[in-house]
Amino acid sequence: MVRTQASTHIARPPDQVFAFVALDFFSNYRRWSPEVVSLEALSPGPIRLGSRGRQVRVDHGRRTEATFEVCVFEQDRRIDFQGLSAPIYISYRFEPSANGTRLTFVFELSRLELFMRPFEKLIRAAIQEGGERVVGNIRGLLEQAPTTVSQH
């Protein structure tokens with residue numbers, strides 16, 4: 001298994017960070033993860049436990065498609081996604097902290113294909129770099145935006 005974690009402090013309250021990341025996931029995800037070239041909600045209505053989606057990513061020239069499902073949904077605290085067509089697990093965790101929110105992003109790849117195993121160290125480094133970029137991008141987007149009250 002390859003697991004990585006990255007955290008950052010965001011100068012916004014947890015409900016605003018959660019709304020941006022979780023509640024508005026299908027409209028905002030591509031903003032903080034530009035490798036995503038296509039994102040589609042497969043479930044109607046607002047995002048919730050059991051909601052499904054599909055994404056197409058292009059990472060370092062490699063195109064991948066994955067279907068995923070929300071497997072943990074705790075309002076203002078946590079949202080997790082389980083890959084249905086790929087061995088991935090992603091978690092966003094939101095903790096109140098002094099003057100804002102501690103956002104933690106966790107990515108797990110439960111197995112590597114046999115041909116990828118010699119590159120595990122490089123894959124781990126790329127995933128860690130990607131996780132740090134994700135939390136940095138989210139922080140930048142939220143802290144540059146005017147302070148607003150969540151509509152959710």
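Values below: all heavy atoms of this structure, side chains included; hydrogens, waters and symmetry mates excluded.
- Counting only distance, with no hydrogens or angles, the side chain of Arg12 and the backbone of Leu142 share a donor-acceptor pair below 3.5 Å.
- Side-chain contact between Arg57 and Ser33: present, with at least one pair of heavy atoms (C-beta onward) separated by less than 4.5 Å.
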Could you walk me through whether Glu95 and Thr104 pass the side chain to side chain contact (heavy atoms under 4.5 Å, CB included) check? CA-CA 8 Å; Glu95 299 173 60; Thr104 301; 4.2 Å; yes
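- Note that CG of Asn99 and NE2 of His9 are 6.0 Å apart. Values are rounded to the nearest 0.5 Å.
- The hydrophobic clustering, which links ILVMFWY residues whose side-chain heavy atoms are closer than 4.5 Å, places Ile138 and Leu39 together.
- The one candidate from Ile90, Val106, Val72, Leu49 that meets the side-chain contact (heavy atoms from CB on, under 4.5 Å) condition with Asp80 is Val72.
- Proximity of Ile88 to Phe68: side-chain heavy atoms (C-beta onward) are nowhere separated by under 4.5 Å.
- Under the 4.5 Å side-chain heavy-atom criterion for ILVMFWY residues, no single connected hydrophobic cluster contains both Leu84 and Ile47.
- Remark: Arg52 CZ to Glu40 CD distance equals 13.0 Å, nearest 0.5 Å.
- Tyr89 and Val21 fall into different hydrophobic clusters, defined by Ile, Leu, Val, Met, Phe, Trp and Tyr side-chain heavy atoms under 4.5 Å apart, directly or through other members.
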Between Arg62 and Thr64, is a side-chain hydrogen bond (donor to acceptor under 3.5 Å, both in side chains) present by the stated rule, with each step listed? CA-CA 7 Å; Arg62 186 168 186 258; Thr64 57; 5.7 Å; no
Apply side-chain hydrogen bond (donor to acceptor under 3.5 Å, both in side chains) to residues Ser85 and Arg54 and explain how you reach the verdict. CA-CA 9 Å; Ser85 62; Arg54 178 178 24 244; over 6 Å; no
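- In the model, Arg93 has a side-chain atom that pairs as donor or acceptor with a side-chain atom of Ser91 under 3.5 Å.
- In this pair, Phe20 and Trp32 present their aromatic rings tilted. The plane angle is within the 30 to 60° band.
- When all heavy atoms of Val37 and Arg30 are compared, the closest pair comes out as O-NH2, 3.3 Å.
- A donor-acceptor contact shorter than 3.5 Å links the side chain of Glu143 to the backbone of Ala11.
- Pro34 approaches Asn137 most closely through the heavy-atom pair CD-ND2, 4.2 Å.
- The two residues Phe26 and Ala41 have their closest heavy-atom pair at CE2-CA, 3.6 Å.
- The CZ atom of Arg78 sits 11.5 Å away from atom CZ of Phe18, with the distance rounded to the nearest 0.5 Å.
- In the hydrophobic clustering of this structure, Leu141 groups with Leu23; members are Ile, Leu, Val, Met, Phe, Trp, Tyr whose side-chain heavy atoms approach within less than 4.5 Å, directly or through other members.
- Residues Phe73 and Gln75 are in side-chain contact: their nearest non-hydrogen atoms beyond the backbone lie under 4.5 Å apart.
- Inter-residue side-chain proximity for Gln55 and Tyr29 is flagged as met; some heavy-atom pair is nearer than 4.5 Å.
- With contacts defined as side-chain heavy-atom distances shorter than 4.5 Å, the pair Val58/Glu35 does not qualify.
- The two residues Pro14 and Gly100 come nearest to each other via the heavy atoms CD-O, 4.0 Å.
- Ring geometry for Tyr92 against Phe94 counts as parallel: the plane angle stays under 30°, on a 0 to 90° scale with 60° as the upper cut.
- Side chains of Ser43 and Arg48: no donor on one and acceptor on the other come within 3.5 Å.
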